[in-house]
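This report concerns only the one structure given below.
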Amino acid sequence: MAYQSYQQQGPSYASCVTSLRTSLSYLQSSVSTLDAGISDFPRLTSLLKTVRHYELIPQPTLAAAEASLRDEIGPFISLLLDRAEKNIDRQARRIETLKARAELNAGRLSHYPSEGGGSAQQERQRRQQEREKEKKLKAARGGRLDGSAALRAKVVMQRKEALKYSVERLEMEVQQKERELRKRLERA
């Protein structure tokens, strides 16, 4: 009886063994696939692992390196700072000069007659005075001047006007300098 039951169960055990062998072959192919996929993993972990190195440097070595760096960079930094200061000073002087020039020009403009009713009358009076001066000059020379003398007289008159303008400009510059000096003295 025992033999008979074994024969009846034989095909079922055989199917189990076959099934187990199939599963084992699938497992073996899976392991070989995984092994092929991760065979390089230890090398990759060692490559990708971050290693931190801390090296202790003696204090004198560190101080010597700082001094060397300071000696190497120091002159360039001081040169750049000097250039920057000079440029700042130059720009400040330029600003002051432009302000002074603007005030000077404003003063000049205030001396000239402005457009309007009273200015036309002042302009007429100025022209009249110039004509009278020219007449007096001609009368002092005896009336009519020949071509070269008239040309010389015209050049002299133009030079005289230019000198008047220069004197006026210099006087205004002196006044401007006095104002600047007063401002500086007030600040000090």
Side-chain angles (χ1 to χ4, degrees), residues 16-116 118-119 122-123 126 155-188:
C16 281
V17 169
T18 312
S19 175
L20 185 60
R21 283 185 182 159
T22 308
S23 294
L24 186 59
S25 69
Y26 284 141
L27 184 61
Q28 205 169 14
S29 71
S30 296
V31 165
S32 64
T33 304
L34 279 173
D35 189 36
I38 63 168
S39 65
D40 204 23
F41 188 71
R43 187 181 70 84
L44 287 176
T45 56
S46 67
L47 285 176
L48 297 175
K49 185 170 69 172
T50 57
V51 179
R52 295 183 181 164
H53 295 283
Y54 294 99
E55 214 173 302
L56 297 177
I57 299 173
Q59 182 66 28
T61 307
L62 184 62
E66 286 178 356
S68 169
L69 187 63
R70 198 176 17 240
D71 291 343
E72 188 176 327
I73 296 175
F76 294 114
I77 291 174
S78 62
L79 177 71
L80 291 174
L81 287 173
D82 289 342
R83 282 184 187 174
E85 287 177 10
K86 286 178 184 177
N87 282 333
I88 289 171
D89 291 342
R90 187 181 319 138
Q91 292 299 325
R93 285 192 306 268
R94 186 167 184 238
I95 288 170
E96 290 297 321
T97 303
L98 290 174
K99 284 180 182 177
R101 189 177 294 165
E103 289 178 9
L104 181 65
N105 287 337
R108 286 180 186 161
L109 289 175
S110 67
H111 283 78
Y112 288 109
S114 60
E115 305 272 332
S119 66
Q122 289 174 351
E123 186 66 26
R126 189 181 62 78
V155 168
V156 168
M157 291 296 284
Q158 287 175 347
R159 190 176 295 159
K160 180 180 171 185
E161 289 297 319
L163 290 172
K164 278 184 188 178
Y165 175 76
S166 296
V167 168
E168 182 180 306
R169 181 179 53 85
L170 290 172
E171 286 175 350
M172 290 182 153
E173 284 180 8
V174 166
Q175 290 173 354
Q176 177 63 31
K177 295 291 181 183
E178 288 174 353
R179 276 186 250 138
E180 287 177 9
L181 184 61
R182 279 190 224 117
K183 286 180 184 178
R184 287 182 187 164
L185 290 175
E186 288 173 3
R187 289 180 194 163

Minimum-distance pair of heavy atoms, taken over all atoms of Arg70 and Pro75: O-CD, 4.3 Å
Charged N-O contact under 4.0 Å between Glu173 and Arg169: yes
Smallest separation among heavy atoms of Glu96 and Glu180, with atom names: O-OE2, 4.4 Å
Salt bridge (charged side-chain N to carboxylate O under 4.0 Å, His left out) partners for Lys86, two or more places apart: none
Ser68 side-chain N/O to Ala64 backbone N/O, donor-acceptor pair under 3.5 Å: no
Interatomic spacing from CG in Leu163 to CZ in Arg159 - rounded to 0.5 Å: 7.5 Å
Gap separating the CD atom of Glu178 from the CG atom of Leu185, nearest 0.5 angstrom: 11.5 Å
Side chains of Asn87 and Arg90 in contact at under 4.5 Å (non-hydrogen atoms): yes
CD (Gln158) with more than 12 external heavy atoms under 6.0 Å: yes
Distance, nearest 0.5 Å, that separates CG of Asp35 from OG of Ser30: 12.0 Å
Non-hydrogen atoms of Leu62 and Ile57 that approach each other most closely: N-CG2, 4.1 Å
Reported CZ-to-CD distance for the pair Arg93 and Gln91, which is rounded to 0.5 angstrom: 9.5 Å
Between CE on residue Met172 and CD on residue Gln176, distance to nearest 0.5 Å: 10.5 Å
Arg101, CZ atom: more than 12 neighbouring heavy atoms under 6.0 Å: no
Electrostatic pair Glu161:Lys164 at N-O distance under 4.0 angstrom: yes
Distance (rounded to the nearest 0.5 Å) between Ser166 OG and Glu171 CD: 11.0 Å
